[in-house]
Amino acid sequence: MVREPLGEEAAAEMSRMFKALSDPIRLRLLSLIASHEGGEACVCDLTGPFDVSQPTISHHLKVLREAGLVGSERRGTWVYYWVLPEALARLSVLLQIPVMSVKTSA
């Protein structure tokens, strides 16, 4: 972002990701998934830490998935989620500030 301006398509994509992360439950879900042993978590492991219903958790996971932040796979009756590292890398690059040389006066 500081090296060159974002294009319209990239800005729309990044905006969806940031909007998804702007909700505290979704941010916590992403953190729980990323820090879960093995790098993936069953939806059954994600409902306990929250004081909301399972359908609400499923809605938040859907928002994260549609924003491109997590992947998912159904295994039997459960759905497993994992963080998509390339999505976090894109967000990270966007927020990086390049180290600029500081001029000193002599």
Side-chain angles (χ1 to χ4, degrees):
M1 189 162 71
V2 296
R3 290 178 189 89
E4 61 185 56
L6 282 175
E8 188 175 333
E9 189 176 315
E13 178 187 0
M14 295 293 166
S15 175
R16 279 190 297 276
M17 288 185 197
F18 282 117
K19 184 176 180 181
L21 292 175
S22 70
D23 182 279
I25 291 176
R26 290 193 288 266
L27 189 56
R28 285 184 61 208
L29 280 168
L30 189 72
S31 176
L32 282 169
I33 295 166
S35 63
H36 202 270
E37 186 176 331
E40 65 179 25
C42 173
V43 70
C44 60
D45 298 322
L46 300 172
T47 55
F50 300 95
D51 192 25
V52 295
S53 67
Q54 190 279 325
T56 299
I57 294 296
S58 291
H59 165 74
H60 286 300
L61 289 166
K62 178 183 174 186
V63 171
L64 290 171
R65 193 179 69 248
E66 289 176 348
L69 293 164
V70 298
S72 65
E73 176 183 75
R74 179 171 293 282
R75 298 179 196 158
T77 59
W78 298 109
V79 178
Y80 287 77
Y81 292 87
W82 58 88
V83 173
L84 297 174
E86 61 274 10
L88 296 185
R90 286 194 306 271
L91 292 174
S92 177
V93 167
L94 182 68
L95 296 174
Q96 282 182 348
I97 298 175
V99 177
M100 298 184 184
S101 59
V102 178
K103 295 183 179 182
T104 59
S105 57

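At a threshold of 4.5 Å between non-hydrogen side-chain atoms, the residues Leu21 and Arg26 do not count as touching. You'll find the side chain of Val70 stays beyond 4.5 Å of the side chain of Leu29, heavy atoms only.
Side chain of Ser92 to backbone of Ala89: no donor-acceptor contact under 3.5 angstrom is found.
The two atoms that bring Leu30 and Leu64 nearest to each other are N-CD1, 4.3 Å, heavy atoms only. A pairwise comparison of heavy atoms in Ala67 and Ala20 identifies CB-CB, 3.7 Å as the closest pair. Of all non-hydrogen atoms in Leu91 and Met14, the two that sit nearest each other are CD2-SD, 3.8 Å.
Under the side chain to side chain donor-acceptor pair (under 3.5 Å) test applied with Ser58, the options Lys62, Gln54, His60 reduce to a single match, Gln54.
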Do any side-chain atoms of residues 74-85 form donor-acceptor pairs under 3.5 angstrom with protein atoms, and if so which ones, sequence neighbours left out?
from, atom 1, to, atom 2, distance (Å)
Arg74, NH1, Thr77, O, 3.4
Arg75, NE, Glu73, OE1, 2.6
Arg75, NH1, Glu40, OE2, 2.7
Arg75, NH2, Glu40, OE1, 3.1
Arg75, NH2, Glu40, OE2, 3.1
Arg75, NH2, Glu73, OE1, 3.2

Output a table of donor-acceptor pairs, distance under 3.5 Å, between side-chain atoms of residues 42-53 and any protein atom two or more places apart or on a different chain; print 'none' if there are none.
from, atom 1, to, atom 2, distance (Å)
Ser53, OG, Thr56, N, 3.4
Ser53, OG, Thr56, OG1, 3.0

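Atom CG in Leu69 sits 10.0 Å away from atom CD in Glu86 (nearest 0.5 Å).
In this structure, Val63 stands alone, with no Ile, Leu, Val, Met, Phe, Trp or Tyr side-chain heavy atom under 4.5 Å from its own, directly or through other members.
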